[in-house]
Chemist: 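One structure, as structure tokens, below. Some questions next.
Both counts, for ligands and for their atoms, begin at 1 and track the order of listing. The structure presented is a predicted model; accordingly, all values stated were derived computationally and were not measured.
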Amino acid sequence: MGASALDDHDVIIIGAGLTGIYQLYRARELGLDVTVLEAADGLGGTWYHNRYPGCRFDSESYTYGYSFSKELLDEWHWTEHFSPQPENLKYLDHVADKFDLRRHMQFGCKVRAARYDEDARTWSVEVEDGRTLRCRFLVTAVGILSTPTMPRVDGIDRFQGPWFHTYDWPHDGVDLTGKRVAVIGTGATAVQLIPVIAESVSELFVFQRHPNWCAPLHNGQITEEEMADIRARYDEIFERCRKTPGGFIHMPDRRKPAEVPEAERYAFYEELYRSSGFRIWQGNFRDVLMDDAANEEFSAFVADKIRERVKDPVTAETLVPKDHGFGTRRVPMETRYYEAYNRDNVHLVDLNDTPIERVTEAGVLTSDRDYEVDVIVYATGFDAVTGAFDRIEFTGVGGRTLREKWADGPVTYLGLLSAGFPNLIMLAGPQSGSGFTNFGRGVEEGVDWTTGLLRYLQEHGCTSIDTTEEAERQWVGHVEDMYDLLLVSKVKSWFTGYNSNVEGHDHFRPVAYNGGAPKYRKRLAEVAERGYEGFVLA
Ligand code: NAP
């Protein structure tokens, strides 16, 4: 199609990941003309891009997958409790093919800008290939961890060997056997990657700025019999997920730790450490995430586990976080992560003692020495939550851009709309409950609710939907109040809007909704019952 061609749709969805796929399915059911624009050459979002060794769910597989189709639930066999990336991508491909969704998707379509036309009440969406598409409703399904960030150090381009961010792991693989490898960063991604590649590389240098509190994943295969049992219990599993704040199968323990006898408390901690998945984080005493004393005790327990597992005491101490408590940042789930540091070929470099000065042609230069390596892997995280929005120039009413409006942090109503940007509906966006729970569960609920909204607009002949600054003020206030209840609010991480590699992301920004899935669901239901309270429909 030529540069001047206009392509009209009822709905354009940006992003063909878990969220976009399901919104497409639901919007098509309404009889809407929908197209999905995806920047990558394939669908799957997170599971399309992140192909680093060790990449897998840390939600139980059978709690992450879609629940909307019994047929799909009955036919899909998850092979592991925490399914690896290739299987996750296969699953999403299978869903798209099964429901014949692919023909509504356009790949290699990177959206550059989108401008709201106030007279026509439509969005004009500019794609990097030069086309402009037009739609009534523009729906973003751009993910919260889809904009990788590189360290702000000199020389990255000068390195002569292969180097890449974990998000951009080469699709045809990279053979690290016998290579000297540097990994920068020790977040959830690095923690999955390090123990896997440690086994085949000749030398592995891990450059750590802050350690994280990691906990054992305890993954395992799922047999045919187990899968049959899971299938028989799907209703019960999803019902349980609906009741928990995190959308996982793990329910927080509401007992006050101080009222539980010490021996019983420590037996519980041991049990949590032996349990699989996020139970140790989401199914712990609720106070561990809210009360300093409870958090300190549990953190000390986990610190001792690290000291037990890492043989060299200096390395062990370097791996014990000192500046934040357990669970106040996202807990990386690990499989023999700490044991990797017992290997002779794995070396931990503490960047607090010896910061990186620059990347050279041959490796990484710290204040102490030159680390010559063959490959550099940047596991340095994301411009989380708002990054994907900042990369698109959204222009709303009166020529104002979303980037300008959100310069100090996102401002939304329910994480779904931002005033002055009519007909722009954000799925699993900043400050939404959908984006901050077990993603599969949150997204499905968010999409179902949005589909109800689209149906309402259709039935009432509405051509425009917006919100008010007052509704936003109240929502953002509520989002901030929810932060205040949790220790997470005291810690710098992507949960609190920080990223040292992004200009201006050096202060608290209320990006996440911490009120939990049930509270968010209730609020959305009330809003709909009251005729979409806080929305301006025309
Ligand atoms: P991350 O948690 O933000 O970790 C980035 C790491 O890079 C941190 O250790 C950070 O150190 C370090 N870093 C950043 N800039 C640096 C610099 N200039 N110099 C040295 N070190 C630097 O990113 P991530 O590990 O990719 O994880 C992000 C999120 O993705 C997770 O929290 C999780 O939600 C999601 N994730 C999910 C899964 C899963 O579901 N299975 C797996 C992986 C990731 P500082 O701590 O000092 O900033």
Side-chain angles (χ1 to χ4, degrees), residues 18 45-47 49-61 63-64 80-85 87-88 143-156 165-169 182-194 196 205-214 217 219 246 248 277-278 281 319 321-324 327-335 337 348-352 354-359 364 366 376-385 387 435-440 442 488 491-502 505-506 511-512:
L18 189 79
T46 285
W47 304 110
H49 288 279
N50 286 283
R51 298 181 186 221
Y52 60 86
C55 181
R56 62 179 61 254
F57 287 153
D58 38 27
S59 308
E60 286 72 11
S61 311
T63 71
Y64 186 98
E80 297 182 43
H81 284 276
F82 302 91
S83 168
Q85 176 271 334
E87 185 173 324
N88 307 341
I144 57 174
L145 296 160
S146 54
T147 310
T149 46
M150 297 290 284
R152 294 200 273 188
V153 293
D154 288 338
I156 288 176
H165 192 283
T166 42
Y167 186 77
D168 300 315
W169 196 274
V183 172
I184 322 270
T186 50
T189 298
V191 165
Q192 289 187 329
L193 169 77
I194 286 164
V196 179
F205 299 99
V206 179
F207 294 84
Q208 172 184 274
R209 203 162 57 175
H210 292 95
N212 282 297
W213 295 100
C214 313
L217 178 66
N219 187 23
F248 297 95
F278 277 149
W281 186 30
L319 288 165
K322 305 290 189 311
D323 64 339
H324 69 284
T328 60
R329 285 173 139 202
R330 163 60 150 77
V331 177
M333 301 308 295
E334 48 90 15
T335 303
Y337 173 64
L348 183 62
V349 181
D350 184 350
L351 296 179
N352 297 298
T354 58
I356 295 176
E357 292 195 339
R358 61 174 194 278
V359 176
V364 181
T366 68
I376 304 181
V377 177
Y378 294 92
T380 43
F382 298 87
D383 183 355
V385 192
F436 292 89
T437 52
N438 185 2
F439 210 66
V488 81
V491 178
K492 290 181 185 174
S493 78
W494 69 264
F495 279 3
T496 42
Y498 286 84
N499 185 324
S500 67
N501 302 315
V502 182
H505 289 198
D506 52 2
V511 294

Chemist: When you look at Phe495 and Arg329, which way does the side-chain contact (heavy atoms from CB on, under 4.5 Å) test go after all the steps?
Modeler: CA-CA 7 Å; Phe495 279 3; Arg329 285 173 139 202; 6.0 Å; no
Chemist: Measure the distance from atom 15 (N) of ligand 1 to every protein heavy atom, then report the residue, atom name and distance (to 0.1 Å) of the closest one.
Modeler: Asn501 ND2, 2.9 Å
Chemist: Taking heavy atoms and a distance under 4.0 Å, where does Tyr52 meet ligand 1: side chain, backbone, both or neither?
Modeler: side chain
Chemist: What part of Thr166 sits under 4.0 Å from ligand 1 if we count only heavy atoms: the side chain, the backbone, both or neither?
Modeler: neither
Chemist: Which residue holds the protein heavy atom closest to atom 40 (O) of ligand 1, what is that atom called, and what is the gap in Å?
Modeler: Asp58 OD1, 2.7 Å
Chemist: Parallel, tilted or perpendicular, judged at 30° and 60°: which one describes the rings of Trp494 and Phe436?
Modeler: tilted
Chemist: Are any of the heavy atoms in Phe436 under 4.0 Å away from ligand 1?
Modeler: no
Chemist: How does Val191 reach ligand 1, if at all, at less than 4.0 Å between non-hydrogen atoms: by side chain, backbone, both, or neither?
Modeler: neither
Chemist: Using modelled atom types and a 3.5 Å cut-off, is there a donor and acceptor pairing between side-chain atoms of Thr496 and backbone atoms of Val491?
Modeler: yes
Chemist: Using heavy-atom distances, let me know which of Thr189, Asn438, Asp383 sits nearest atom 44 (C) of ligand 1.
Modeler: Thr189
Chemist: Can you label the angle between the Phe205 ring and the Phe207 ring as parallel, tilted or perpendicular, going by 30° and 60°?
Modeler: tilted
Chemist: With atom 18 (N) of ligand 1 as the reference point, say which of Pro84, Pro151, Pro148 has the nearest heavy atom.
Modeler: Pro151
Chemist: Side chain or backbone of Gln192 under 4.0 Å from ligand 1, or both, or neither, by non-hydrogen atoms?
Modeler: side chain
Chemist: Taking all heavy atoms of Val183 and all of Ala190, pick out the closest pair and write down the distance.
Modeler: CG1-CB, 4.2 Å
Chemist: Hey, is the main chain of Gly381 close enough, under 3.5 Å, to the side chain of His165 for a donor-acceptor pair?
Modeler: yes
Chemist: Would you please determine whether Arg329 falls within less than 4.0 Å of ligand 1 on a heavy-atom basis?
Modeler: yes
Chemist: Tell me the nearest of Val183, Asp323, Ile144, Thr186 to atom 8 (C) of ligand 1, using heavy-atom distances.
Modeler: Thr186
Chemist: Below the 3.5 angstrom mark, is there an N/O of Ser500, backbone or side chain, next to an N/O of ligand 1?
Modeler: no
Chemist: When the ring planes of His324 and Trp213 are compared, do they come out parallel, tilted or perpendicular, using 30° and 60° as the limits?
Modeler: perpendicular
Chemist: Determine whether a donor-acceptor pair (N or O, by modelled atom type, separation under 3.5 Å) exists between the side chain of Ser61 and the backbone of Glu80.
Modeler: yes
Chemist: Looking only at protein heavy atoms, which one is nearest to atom 19 (N) of ligand 1, and how far off is it?
Modeler: Arg209 NH1, 3.8 Å
Chemist: What do you reckon, does Phe207 put a non-hydrogen atom under 4.0 Å from ligand 1?
Modeler: no
Chemist: For atom 30 (O) of ligand 1, what is the closest protein heavy atom, and at what distance to 0.1 Å?
Modeler: Leu145 CD1, 3.3 Å
Chemist: Quick one: nearest non-hydrogen protein atom to atom 12 (C) of ligand 1, plus distance?
Modeler: Gly185 CA, 3.6 Å
Chemist: Atoms of ligand 1 less than 4.0 Å from Phe57 heavy atoms?
Modeler: 41 (N)
Chemist: Any atoms of ligand 1 less than 4.0 Å from a non-hydrogen atom of Leu351? List them with their elements.
Modeler: 20 (C)
Chemist: Of all the non-hydrogen atoms in the protein, which one sits nearest to atom 2 (O) of ligand 1, and at what distance?
Modeler: Gly187 CA, 3.7 Å
Chemist: Please indicate whether any nitrogen or oxygen in Trp494 is less than 3.5 Å from any nitrogen or oxygen in ligand 1.
Modeler: yes
Chemist: Any idea which heavy atoms bring Pro211 and Leu319 closest together, and the distance?
Modeler: CB-O, 3.4 Å
Chemist: Atom 45 (P) of ligand 1: which protein heavy atom is closest, and how many Å away?
Modeler: His210 ND1, 3.4 Å
Chemist: With no hydrogens and no angle check, is any side-chain donor or acceptor of Asn212 less than 3.5 Å from a backbone partner on Thr186?
Modeler: yes
Chemist: Give the residue, atom name and distance (to 0.1 Å) of the protein heavy atom nearest atom 41 (N) of ligand 1.
Modeler: Arg56 O, 2.4 Å
Chemist: Please could you name the atoms of ligand 1 that Ile184 approaches to less than 4.0 Å, counting only its heavy atoms?
Modeler: 20 (C), 21 (N)
Chemist: Would the distance check show the side chain of Arg56 and the main-chain N or O of Phe82 forming a donor-acceptor pair, the cut-off being under 3.5 Å?
Modeler: yes
Chemist: Regarding atom 3 (O) of ligand 1: of the candidates Gly381, Ser493, Pro355, which has the closest heavy atom?
Modeler: Gly381
Chemist: Under 3.5 Å between some N or O of ligand 1 and some N or O of Ala379?
Modeler: yes
Chemist: Backbone, side chain, both or neither: what part of Arg330 comes under 4.0 angstrom of ligand 1, heavy atoms only?
Modeler: side chain
Chemist: Indicate yes or no for a side-chain donor-acceptor contact from Arg358 to the backbone of Val153 under 3.5 Å, with no hydrogens or angles considered.
Modeler: no
Chemist: Are Asn499 and Thr149 linked by a side-chain donor-acceptor pair shorter than 3.5 Å?
Modeler: yes
Chemist: Between the side chain of Arg152 and the main-chain N/O of Ser500, is any donor-acceptor distance below 3.5 Å?
Modeler: yes
Chemist: Backbone N or O of Trp47 within a donor-acceptor pair of the Gln85 side chain at under 3.5 Å?
Modeler: yes
